[in-house]
Amino acid sequence: MALAFPKTFDASLHEEKLYQLWEDKKAFQAVIDKDKKPFTIILPLPNANDPMHIGHAMFVIEDILTRYHIMRGDPTLWIPGADHAGMETQYMFEKKLAKEGKSRFDFDRETLYKILWDFAEENRAINKNQLKKLGFALDWSRYHYSLEPEIVERVLETFRKLHHDGLIYRGERIVNYCTRCGTAFSDLEINYIERKDSLYYIKYGPFILATTRPETKFGDTAVAFHPGDKRYEKYLNQEIEIQGVNGPFTVKVVADDEIDPDFGTGIEKVTPGHDPLDFEIAQRHNLPVKKVIGTDGKLTELAGRFSGMKVNEARQAVFEAMQEMNLIDHVDENYMHNVATCYKCGTTIEPMVFPQWFVKTKPLAGPAIQAVKNGETKIFPKRRFEKIYFDWMEKIKDWNISRQIVWGPRIPAWYCLDCNEAVQLSFLDKNKKRVSGPYKNVKQTYSFDEIHSGLQSLSAPKDASYQLNHGKCERCHGSNVIQETDTFDTWFLSGQWPVNTLRSRPGDFEYFYPTSVLDTMWDILFFWVGRMMMLGIYLTGEVPFKIAHMHARVVDKFGKKMSKSKNNVIDPAIMINQYGADALRMALVLGVAPASDVSLSDEKVKGMRNFANKLWNIGRFISMGPDNKKIPAFNEKMQGLAPEDTQLLVSFKKLIKHTTNDLDNFRFGRATENLYQFMWHEFADVYIERAKARMKQGDVVVFSVLRYVFSTSLKLLHPFMPFVTEALWQEMFKQEEPLLVKASWPTGK
RNA sequence: GGACGAUUAGCUCAGCUGGUUAGAGCGCUUCAUUGACAUUGAAGAGGUCACUGGUUCGAGUCCAGUAUCGUCCACCA
């Protein structure tokens, strides 16, 4: 027995070597062949800061498709990349800073950016290596990082194009602001949690109304009731004087359809600055907006003696003050309602009004809807996800693309401070002391250069004048020009990823775009798939991918979502070390229905490890047979075929057909189940067992069949289990074809 | 509040366009040990396919309703 065949298959002895072999032979590098149709996949770019989790292992579906198409002889390209993941990375980084007793406010933005860069860089290398461990057939010669200068330049170009087409605007809108993360979020980035709070019934002029937030009273500019509500109709359009804790003030009485007459007392106080619904009402009725909470989460000077208090303290303090003034009717302390929280840190979201950059999405969503309706892009599984896609696209709101964080490309707009003296600035002076205020104040003490070099952030009024190019002010020709400090929402970059990566190499875009398949978990259908559709079509006139394949979520062996708090997280790296990458890969696809949850357990991975070992031992058995030279070449009509041979071959032919068909239709679960069943229970348990008797009688034809069926099976199995199949191929069949990954897919004819 | 998905063996799940005795993996029971593999082999137990009604010659599979669980979207001051 050759040393090459120890009794068990030890994946760890082969994986690294085989991946190296594939890379050396450039097996994964796509070559353009204009006579053939390409097959292209974009890897959903992992976050540069993110260590591998089980979700990344699910990209095995893309690897299966990639390897299958390589074997089919298609020019195949699977593009890897990494995302700087603005918010995610900065959040992780700030947690690290906090441990060192520091915060982002200790640095000017340029310095902060540099440290963040190094932080992300460390992890980016790890990330690459982990994708290799999974055996992924990625074309590393086309790897891209979202912060590469060339990629960033294309993103800025997209912004300018959108701006030119009138699809970018600065709007003073109510946004979801997290006072802890210090940035606004899009609607998709907030979570609602159910919480018990007090509902205060307060005396409000002639009314009694219910509110959960008495502290925002200083921002009230109206009260609203449902049109036609008899209780309040007589007050319509009146200015009513209200007794407040800081003295009397007046509000207007308006009627609005959005008010539920059955809630509370059917009338609400309108606080446009700090409530999304109230903001809309204010827009409809031309009410003024007052800001009573600042970005620091504290009440502003409008709150009088309550200013400087944090929201929660202020709520209690205002409540007590109102009680003293006999302005509280009663309190319902067990009021359950949903509260918006930051998806990142869980802090209660503070709806706030301030200027942000928006993309008008309606004109982009139309074509994106149309493309799916007419089948240019197919969403799979259709029944489940197309409707969700349409629902979202049809009621899409404008997209807030500005984030008040450092980690990411800055929006390419420049303000002249001399033309916009109201721009709010925060910076570190030359003594590293933090200074904030409008330019017209700080310029008395600080030079432009000092502000510019210590800059942390700025906030320009909604109607501030800006220009899209660096350089002197186009109006006053002054040079006190400063770039917007808001950075792009990460999804604005990744939404253009297929276009921008392919445009990085001459010829690639023209050949590989639109890509063939985009595979991702359904949780980012809106974040990513929807945005890629909109921006892809906008930039190129063509859809970014022909098929959007939604894969399943990995859950634990009891079908429960994995989470750190439940302590049921499975680490793919540990699984690979213990059972091998093939075993993990197989465990993630075998028997899994499209887009249903994948229940993963140690036992299942172990079972798949056993399967890999079974294959190994089939190879071992065949290798123990007669010398290769004594075995006649296989041919379906060769002399000496026994009935059981013919029977096996018929069954095997069906297997080839079904596997091909299943792969073409994304039925990976069934394909693997059939392969498993055939290899183990037909080929090994039955056919090989019988072959042993024939072997003793000196039958060599049986080895022709064994070798043919086995080598062809390795091809069928290779997309799923690349390592063990290639290891066996290298041992037994490489004279037929040097690399299994490059061997041609069987036709069964 | 709206939508979607799930409900099949002890556990986790397959079962495509309806067609003879309903499948797999793990677990369980019994037996087998030096010649591919104990990361194994052989045999076996175990299911009124959530419930109710309907369509059909025929339903786990299609339709309607009910219940339970799960997920997503919206969000009520």
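First the proteins, then the strands, lettered A, B, ... as listed; each starts at 1. Side chains are part of it too, since the values below use all heavy atoms of this structure and drop only hydrogens, waters and symmetry mates.
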When we call it a touch if two heavy atoms are under 4.0 Å apart, what does A/Tyr335 touch: a base, just sugar-phosphate, or nothing?
sugar-phosphate
Indicate, with a heavy-atom threshold strictly under 4.0 Å, whether A/Gly607 touches base, sugar-phosphate, or nothing.
nothing
Quantified in whole Å, what is the P atom distance between nucleotide B/G60 and nucleotide B/U48?
13 Å
Taking the inter-plane angle between the rings of A/Phe683 and A/Phe678 on a 0 to 90° scale, is it parallel (under 30°), tilted (30 to 60°) or perpendicular (over 60°)?
parallel
Pick base, sugar-phosphate or nothing for A/Ala684, based on heavy-atom distances below 4.0 Å to the nucleic acid.
base
So does A/Lys395 reach the base of B/A74 with its side chain, donor to acceptor, closer than 3.5 Å?
no
Sugar-phosphate only, base, or nothing, as touched by A/Gly264 at under 4.0 Å among non-hydrogen atoms:
nothing
Ring-plane angle category for A/His549 and A/Phe380, please: parallel below 30°, perpendicular beyond 60°, tilted otherwise.
parallel
Check this for me: does the side-chain of A/Lys614 come within 3.5 Å of the base of B/C37 through a donor and an acceptor?
yes
Can you tell me whether the side chain of A/Asn338 and the base of B/C75 have a donor-acceptor pair closer than 3.5 Å?
yes
For A/Tyr708 and A/Phe652, take the angle between the two ring planes, folded into 0 to 90°, and tell me which bin it lands in: parallel under 30, tilted 30 to 60, perpendicular over 60.
perpendicular
Parallel, tilted or perpendicular: which describes the rings of A/Trp729 and A/Phe733, with under 30° parallel and over 60° perpendicular?
tilted
What is the pairing partner of B/U12, taking Watson-Crick or G-U wobble pairs with both distances under 3.5 Å in any strand?
B/A24
Could you tell me how far apart A/Tyr579 (OH) and B/U39 (C1') are, to the nearest whole angstrom?
10 Å
